[in-house]
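Note: hydrogens, waters and symmetry copies are ignored here, and every other heavy atom, side chains too, is used. Chain letters run A, B, ... following the sequence lines, proteins first, then strands; residues in each count from 1.
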Amino acid sequence: MVVTTSWYLTLAAILFSMGAVGLLTRRNPLIMFMCVELMLNAVNLTFVSLGTDLGDLSGQLAVFFVLVVAAAEVVVGLAIIVAITRRRQGATADDLSVLGG
Amino acid sequence: MDATVFLISATIILTGAGGVLVARNPVHAALFLVQTLFGVAVLFVLQDATFLAAVQVIVYAGAVVILFLFVIMLLGVDRAEDLGVEPIVGQRPIVALIGASLLGLLLTVLLVSVDGPTGARAADAPLGDAGDNTRRLGEALFTDHVFAVELTALLLTVAVVGAVVLARRLRGPLQPLPVVAVASVVDDSSAPDAVEQEDGIHEAMDEGEGTT
């Protein structure tokens, strides 16, 4: 059996959908963040698979920048969660509707 | 051989993702996330993207998840979440519907387009073999994409400064988050109530000694 690109793309689509479902159902902000990471990984997998399929290095370059931006996003997001949790213990995403203005 | 590796790592990835979805304890969710990230790294190796596989393990499984675990443990938010309650009525069925339609849409787009990928095959950045991968990636990054690399360096600096500013412990007592009166009629008489509520929260949190 030969592993074709469609296998990777199918797996990435399933992973992305699972991340989206988790993001919409979970209420703990930390776990919502982890679901965002799942979605980012699914996209990274798509980039690498299509890059391999097309014989192009650009897919891997895009993944490199996605990794850097994801790291920066996690740093800032966790700092926001720390700042919020200091003021209000055990805050879930539902309690933070004040951020909506 | 390839198919075996793919199927095993796909199982690892999907069980890890399922674990993140249903884990009640955030620490367990973080560990399931590590499992998924390792599975993706294996798939990167399988596709000769060796540098990205190493970065995936070091940055994601190393730095990012450790950061998650630090925050979970420092804040003490590692109590289990009750997944039995559904905070918004009808949320889960709607989300399941959204997830299924998203999956269908993605599969349609990806699997139809993979048969006829658009665009010309790149000649300027050809893909090397596994041993050549890191060198080629480095050459491409620091020649063609050097401006983007500098921009990401700037982005990381901004993120570090922002994290320090956000997580800094302020001097003096903290103001509690304002309480928004939900579904209240906006008129003049509702304003003093909101102020009173805010003071009540202040005293309840027992940190309003220095504030008026």
(request) Measure distances from B:Val65 to the heavy atoms of chain A and classify the residue's part below 4.5 Å as side chain, backbone, both or neither. (result) neither
(message) Show the nearest heavy-atom pair for residues A:Tyr8 and B:Leu46, with the distance to one decimal.
(response) OH-CD2, 3.1 Å
(request) Work out which heavy atom in B:Ala159 is nearest to a heavy atom in A:Val75; give both atom names and the distance. (result) O-CG1, 3.9 Å
(request) Measure distances from B:Ala100 to the heavy atoms of chain A and classify the residue's part below 4.5 Å as side chain, backbone, both or neither. (result) neither
(message) Checking B:Gln47 against A:Ser49: is there a side-chain donor and acceptor pair closer than 3.5 Å?
(response) yes
(message) Among B:Val95, B:Val55, B:Leu107, which residue has the highest count of heavy-atom pairs closer than 4.5 Å to chain A?
(response) B:Val95
(message) Does any backbone or side-chain atom of B:Ala148 lie under 4.5 Å from a heavy atom of chain A? Answer side chain, backbone, both or neither.
(response) both
(request) Could you tell me which non-hydrogen atom of B:Gly99 sits nearest to which non-hydrogen atom of A:Val21, and how far apart they are? (result) CA-CG2, 3.7 Å
(message) Given heavy-atom pairs under 4.5 angstrom as the criterion, report whether the side chain, backbone, both or neither of B:Tyr60 touches chain A.
(response) side chain
(request) Could you tell me which non-hydrogen atom of A:Ala72 sits nearest to which non-hydrogen atom of B:Leu156, and how far apart they are? (result) CB-CD2, 4.1 Å
(message) Looking at chain A, which one of B:Val20, B:Val64, B:Thr4 has the largest number of heavy-atom pairs inside 4.5 Å, strictly under?
(response) B:Val20
(message) So for A:Thr46, is it side chain, backbone, both, or neither that comes closer than 4.5 Å to the heavy atoms of chain B?
(response) side chain
(message) I'd like to know if the side chain of B:Gln56 reaches the main chain of A:Leu67, judged simply by a donor and an acceptor atom lying under 3.5 Å from each other, with no hydrogens or angles considered.
(response) no
(message) Need one label for B:Leu14: side chain, backbone, both or neither, based on atoms under 4.5 Å from any heavy atom in chain A.
(response) both
(request) Pick one of side chain, backbone, both or neither for B:Phe68, based on which atoms fall under 4.5 Å of a heavy atom in chain A. (result) both
(request) Measure B:Ala17 against the heavy atoms of chain A and call it side chain, backbone, both or neither at under 4.5 Å. (result) both
(request) Give, as side chain, backbone, both or neither, the part of B:Phe51 having an atom under 4.5 angstrom from any heavy atom of chain A. (result) side chain
(request) Counting only heavy atoms closer than 4.5 Å, note whether B:Leu33 contacts chain A via side chain, backbone, both or neither. (result) side chain
(message) Rounded to the nearest 0.5 Å, what separates atom OG1 in A:Thr85 from atom CG in B:Leu74?
(response) 11.0 Å
(message) I'd like to verify something: which residue of B:Leu103, B:Val164, B:Thr36 has the highest number of heavy-atom pairs under 4.5 Å with chain A?
(response) B:Leu103
